[in-house]
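Letters go in sequence order (proteins before strands), and every chain restarts at 1.
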Amino acid sequence: KQEVTQIPAALSVPEGENLVLNCSFTDSAIYNLQWFRQDPGKGLTSLLLIQSSQREQTSGRLNASLDKSSGRSTLYIAASQPGDSATYLCAVRLGNNNDMRFGAGTRLTVKP
Amino acid sequence: DGGITQSPKYLFRKEGQNVTLSCEQNLNHDAMYWYRQDPGQGLRLIYYSQIVNDFQKGDIAEGYSVSREKKESFPLTVTSAQKNPTAFYLCASSIAGRSAYGYTFGSGTRLTVV
């Protein structure tokens, strides 16, 4: 069974700092991996999706990387802003007919 | 705009009562999913459906039921058999057979037992 772990559980940084969020998974035979953002009491917003054949994806200040062999993905946020404060969730999918497995998330606080 | 609509946003259930959470999508997605989120935990799968009139149990299906009579709709019923239903419920959808596409989520329903 696929297990997804996110470390750290919470992170607080000053505004402007670059930061990295980590995601690890136990089964490397993944179909794709998706990073989401969740604001308090809200649904999940997709940030980036990496297919199994890809190594990274970028969107604005966000860059997500994937290393299947080591079972790891990182989400890099450049020049963090207070508006980036949210919980970030990583999810992996094993196959087309499989559901996604989620980590518990990293709660990020960016202080002005 | 295409998206997933969940209703209601807040729902209160009395002991022994069944309640139904609505999930509607206009994305023309084949697959739909229901997840439960508890504080400090990741999302856990309740039920999912790949096509109309077919659905499968997820990891925590006990005390829940679903139907998929239309492609656009995937309602979730929380029955009285679910002993601890207070949680945040999220509905998602996806395109089948395309690894370039991930999940799209609704805004969630917060269910509280009173």
TODO: Report yes or no: do B/Leu27 and B/Trp34 belong to one cluster of Ile/Leu/Val/Met/Phe/Trp/Tyr joined by side chain heavy-atom distances under 4.5 Å?
DONE: no
TODO: Using non-hydrogen atoms and a 4.5 Å limit, figure out which bit of A/Gln38 sits close to chain B: side chain, backbone, both or neither.
DONE: side chain
TODO: Indicate, with yes or no, if B/Val52 and B/Leu76 share a hydrophobic cluster defined by side-chain heavy-atom contacts under 4.5 Å among Ile, Leu, Val, Met, Phe, Trp and Tyr.
DONE: no
- [ ] Treating Ile, Leu, Val, Met, Phe, Trp and Tyr as nodes and any side-chain heavy-atom pair under 4.5 angstrom as an edge, say whether B/Phe55 and B/Ile4 lie in one connected cluster.
- [x] no
Task: Residue A/Arg101 versus chain B: region with a heavy atom under 4.5 Å - done: side chain
- [ ] Quick one: which of A/Met100, A/Gln54, A/Gln34, A/Gln6 has the most heavy-atom pairs under 4.5 Å with chain B, could you say?
- [x] A/Met100
TODO: Please state whether the side chain, the backbone, both or neither of B/Leu90 comes within less than 4.5 Å of a heavy atom of chain A.
DONE: side chain
Open item on the list: Please check if the number of heavy atoms outside B/Lys71 that lie under 6.0 Å from its NZ is greater than 12.
Closed with: yes
- [ ] With rounding to the nearest 0.5 Å, note down the distance linking CG in A/Leu89 to CD in B/Gln37.
- [x] 6.5 Å
TODO: Tell me whether the centres of the aromatic rings in B/Tyr103 and A/Phe36 are closer together than 6.0 Å.
DONE: no
TODO: Group every Ile, Leu, Val, Met, Phe, Trp and Tyr by side-chain heavy-atom contacts under 4.5 Å, then state whether A/Val92 and A/Leu62 land in the same group.
DONE: yes
- [ ] Kindly indicate whether the side chain of B/Ser94, heavy atoms from C-beta on, has any atom under 4.5 Å from the side chain of A/Arg93.
- [x] yes
Task: Heavy-atom proximity to chain B below 4.5 Å, by part of A/Leu49 - done: side chain
TODO: Kindly work out whether a path of hydrophobic side-chain contacts (I/L/V/M/F/W/Y, heavy atoms less than 4.5 Å apart) joins B/Val66 to B/Tyr64.
DONE: yes
Task: Residue among A/Gly41, A/Ser46, A/Gly105, A/Ser52 with most heavy-atom pairs under 4.5 Å to chain B - done: A/Gly41
Task: Nearest heavy atoms of A/Asn32 and B/Tyr101, plus distance in Å - done: ND2-O, 3.6 Å
- [ ] Might you confirm whether atom CD of B/Glu62 has over 12 heavy atoms from other residues, nucleotides or ligands at distances under 6.0 Å?
- [x] no
